[in-house]
2 protein chains.
Amino acid sequence: MASPRYRRLGRDERREQILAVARRMFTELPYTEVSTTAIAREAGVQRGLVHYYFGAKRELFLQVVRHLTATLATQLPPLPEGLLLEEMADLCVAHFLDAADANATTWFAAVDAEGFGQDPELMRIVNRTRDLTVEHLLKALRVPGPTDTLRAVLRAYSGLAEVATREWLQHKALNRAQAHTLLASSLLTLVRDIAPAVERS
Amino acid sequence: MASPRYRRLGRDERREQILAVARRMFTELPYTEVSTTAIAREAGVQRGLVHYYFGAKRELFLQVVRHLTATLATQLPPLPEGLLLEEMADLCVAHFLDAADANATTWFAAVDAEGFGQDPELMRIVNRTRDLTVEHLLKALRVPGPTDTLRAVLRAYSGLAEVATREWLQHKALNRAQAHTLLASSLLTLVRDIAPAVERS
DNA sequence: CAAGCTATTGGCGATGTGCCAATAACGTGT
DNA sequence: ACACGTTATTGGCACATCGCCAATAGCTTG
């Protein structure tokens with residue numbers, strides 16, 4: 001007669017629900033200020049259940065980061081054919097800025113996670129995502145011989161892109177058009193002029 | 001008669017000793033894996049003393065980051081006179097790479113601290129250090145009207161420099177000469193060509 | 001050598017984490 | 001309808017960490 005004391009959900013269902021709560025909280029607060037107790041409370045569940053599904057708190061955090069980066073990676077745009085290098089760079093940058101704008105909080109949370117001091121697994125996750133973007137750029141720009149040097153240059157470029165985006169969306173020292181100009185012309189120069197020079201060094 | 005159970009040091013002396021231990025441990029391990037207990041143990045002291053000097057663990061950590069960034073900031077080279085823009089850029093990059101090389105662990109620890117999720121005070125510290133470097137670049141390159149836009153572009157450049165350094169020292173996808181070429185030519189192009197274009201956008 | 005200052009200790013209380021046995025919700029077979 | 005088995009969920013134990021503070025004990029000074 002009496003209503004049950006708790007609702008029993010399917011494994012994947014509950015798992016996803018807790019993950020959603022964790023996602024929100026980890027993007028809002030630093031790691032140390034998010035307790036499994038708080039996550040459980042917000043999910044309307046006992047703390048033990050969180051550990052039942054995810055083991056350690058760190059594991060849950062890694063799942064969250066994996067999800068964030070995966071979300072961003074799937075938003076890579078399709079590649080139109082037969083464009084000039086300039087047009088292609090423009091397009092890539094536009095798509096990138098759109099994605100960053102649309103998922104600002106997600107994006108910064110993922111990027112910020114990088115510095116979570118020396119955690120090897122976390123470094124691996126974030127680096128793999130960065131490499132995905134680099135490979136996408138390589139395909140899009142159709143550079144003849146994609147060497148390791150060029151990849152390194154493009155990874156460095158992603159560092160520039162990260163801060164430039166921050167200057168636009170957070171610090172507001174640049175507007176969107178300026179961020180676009182900066183990113184597009186840097187990309188062009190890096191690929192066309194600087195990368196070959198670096199290769200020869 | 002019996003030797004005393006502990007040595008009593010002066011306030012600053014003990015403070016500096018604990019800080020040194022904390023510096024080492026925080027640069028070696030992630031924040032969560034460094035306990036005040038461990039710091040106290042390595043310093044040969046009771047845990048309570050750590051809190052007596054630094055209050056919360058977070059405060060101690062901030063002190064460490066402050067010290068790391070300050071150390072790097074004091075290594076800014078003097079500015080020689082009457083050089084071409086190219087030569088000046090070369091010089092700045094060379095000094096930068098030297099400093100990064102000499103203090104590799106310190107440098108990466110400071111840079112990594114940045115992402116310590118959304119901590120406002122920590123963001124402030126790291127940003128101020130970045131701005132110091134940017135101002136130094138501005139002075140060195142003697143650009144006519146140092147606008148806010150140019151500053152933003154240079155901050156973005158520091159993002160590129162950070163990753164490029166990592167590619168050289170950690171991932172080893174670039175050698176020193178290549179890192180130098182990348183950083184010097186990017187800096188030149190950004191200041192001479194791209195920043196004005198961004199300004200007009 | 002007594003007295004005072006304070007660096008240092010040692011321990012209490014609260015909170016967080018990892019784990020696991022007991023429990024209860026829900027699907028299934030009869 | 002009802003017992004049964006599965007397993008999602010709870011609740012609590014054991015331990016570590018953190019922040020704090022009263023008591024203690026080095027060192028210094030007169």
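Numbered from 1 within each chain, the chains take letters A, B, ... in sequence-line order. Being a predicted model, the structure only gives us computed values, none of them experimental.
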*Between B/Pro196 and B/Val191, what is the shortest heavy-atom contact and its length?*
CD-O, 3.5 Å
*For A/Leu9 and D/dT6, give me the distance from atom CG to atom C1', rounded to whole Å.*
16 Å
*Should A/Leu19 and A/Val64 count as side-chain neighbours, where that means a heavy-atom distance under 4.5 Å?*
yes
_On the nucleotide D/dT17, are OP1 or OP2 found under 4.0 Å from the side-chain N or O atoms that B/Thr36 carries?_
no
*Select one nucleotide: of C/dG18, C/dC26, C/dT6, the one nearest the side-chain heavy atoms of A/Pro4.*
C/dC26
_Interatomic distance where CZ belongs to A/Arg58 and P belongs to D/dT17 [whole Å]_ = 17 Å
*Gap between atoms CZ and C1', on B/Phe61 and D/dT17 respectively (whole Å)*: 17 Å
*asked:* Measuring only between side-chain heavy atoms, which start at C-beta, is B/Leu154 closer than 4.5 Å to B/Leu190?
replied: no
_Between D/dC18 (P) and B/Arg41 (CZ): distance, integer Å_ = 11 Å
_A/Arg11 side chain near D/dA8 phosphate (N/O to OP1/OP2, under 4.0 Å)_ = yes
*asked:* Would the distance check show the side chain of B/Asn103 and the main-chain N or O of B/Thr106 forming a donor-acceptor pair, the cut-off being under 3.5 Å?
replied: no
*For B/Ala173 and A/Arg155, work out which heavy atoms get closest and say how close.*
CB-NH2, 3.9 Å
*asked:* If you only use heavy atoms from C-beta on, which nucleotide in C/dT8, D/dT10, C/dT9 is closest to the side chain of B/Gln46?
replied: C/dT9
*Is there a donor-acceptor contact under 3.5 Å from the side chain of B/Lys57 to the main chain of B/His51?*
no
*Is any side-chain N or O of B/Tyr52 closer than 4.0 Å to OP1 or OP2 of C/dA7?*
yes
*Name the one of B/Arg128, B/Arg151, B/Arg130 that satisfies salt bridge (Lys or Arg N to Asp or Glu O under 4.0 Å) with B/Glu135?*
B/Arg151
*asked:* Can you tell me if B/Tyr6 touches the phosphate of D/dA25, counting only side-chain N or O atoms and a distance under 4.0 Å to OP1 or OP2?
replied: no
_Between P on C/dG10 and CZ on B/Arg47, what's the gap in Å once rounded to a whole number?_
13 Å
*Round to a whole Å and report the spacing from CZ of B/Arg14 to P of D/dC27.*
10 Å
*For D/dC20, take OP1 and OP2 only and decide whether either is under 4.0 Å from a side-chain N or O of B/His51.*
no
_Closest-nucleotide ordering on DNA chain D, the 5'-leading residue of B/Arg7 and A/Gly48_ = A/Gly48
*Look at all strands and tell whether B/Tyr53 reaches a base, only sugar-phosphate, or nothing, counting heavy atoms closer than 4.0 Å.*
sugar-phosphate
_Rounding to 10°, can you tell me the angle the first-five-pair axis of the helix from C/dC1-D/dG30 to C/dT30-D/dA1 makes with its last-five-pair axis?_
10°
*On DNA chain D, check which nucleotide each of B/Val34 and B/Arg5 is closest to and give me the residue with the more 5' one.*
B/Val34
*asked:* Can you tell me how the ring of B/Tyr31 sits relative to the ring of B/Phe26, calling it parallel under 30°, perpendicular over 60° and tilted otherwise?
replied: parallel
*Atom pair distance, as rounded to whole Å: NZ in A/Lys57 and P in D/dC15*: 22 Å
_Pair of N/O donor and acceptor under 3.5 Å linking D/dT7 base with A/Arg8 side chain_ = yes
*Between atom CG in A/Leu60 and atom P in C/dG18, what is the gap in whole Å?*
10 Å
